[in-house]
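In what follows, a single structure is set out as structure tokens and then discussed.
Note that the numbering runs from 1 along the sequence shown for the chain. In this text the structure is predicted, and so the values were computed from the model without any measurement.
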Amino acid sequence: MDEALRAVADPTRRAILVLVRDREVSAGDIARHFPDISRPAVSQHLRILVAAGLLDIRRAGNRRFYRLRPGGLAEAATFLETMWSASLDRLRDAAERQERARNGEDEVRGSR
């Protein structure tokens, strides 16, 4: 999970993940989406994403094709969901306490 989170911390790597989310894309096509970055730098980003388990690679001759690895972010997503859910649960509990306190005040005023 740590490697995956470090990998997606970089905006270029997140953009690559978006490119390959729905279809397999060649390394050359990926590099063309980043004209301001050298091909070796794009290759390094791809290696990091593969090492983090976020991309699958298929070789066809001298070409490489990349696609999003199903479940590559599953562990990180589960962790983030847990953190988000816990925060939402605390927020819901606080709102319910506030609502109960408000209703208690209204009931006291209404009985006077």
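For Asn62, there are no side-chain contact (heavy atoms from CB on, under 4.5 Å) partners, not counting sequence neighbours. Taking the side chain to side chain donor-acceptor pair (under 3.5 Å) definition, one finds that Arg58 meets it with Glu24, sequence neighbours left out. For Arg92, the side chain to side chain donor-acceptor pair (under 3.5 Å) test picks out Asp89, with sequence neighbours left out. Residues forming a salt bridge (charged side-chain N to carboxylate O under 4.0 Å, His left out) with Glu75 (at least two apart in sequence, or on another chain): none.
Screening residues 25-43 for salt bridge (charged side-chain N to carboxylate O under 4.0 Å, His left out), with sequence neighbours left out, gives Asp29-Arg32. The list of side-chain hydrogen bond (donor to acceptor under 3.5 Å, both in side chains) pairs with a residue in residues 8-20, not counting sequence neighbours, reads Arg13-His45.
Grouping Ile, Leu, Val, Met, Phe, Trp and Tyr by side-chain contacts under 4.5 Å, direct or through others, puts Leu54 with Val8, Ile16, Leu17, Leu19, Val20, Val25, Ile30, Phe34, Ile37, Val42, Leu46, Leu49, Val50, Leu55, Ile57, Tyr66, Leu68, Leu73.
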Show the numbers, then the answer: is there a salt bridge (Lys or Arg N to Asp or Glu O under 4.0 Å) between Glu99 and Arg102? CA-CA 5 Å; Glu99 185 65 23; Arg102 197 174 313 135; 3.2 Å; yes
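Nearest heavy atoms, Gly72 versus Ala4: O-CB, 4.3 Å.
For the atom pair CZ of Arg97 and CZ of Arg100, the computed distance is 7.0 Å after rounding to the nearest 0.5 Å.
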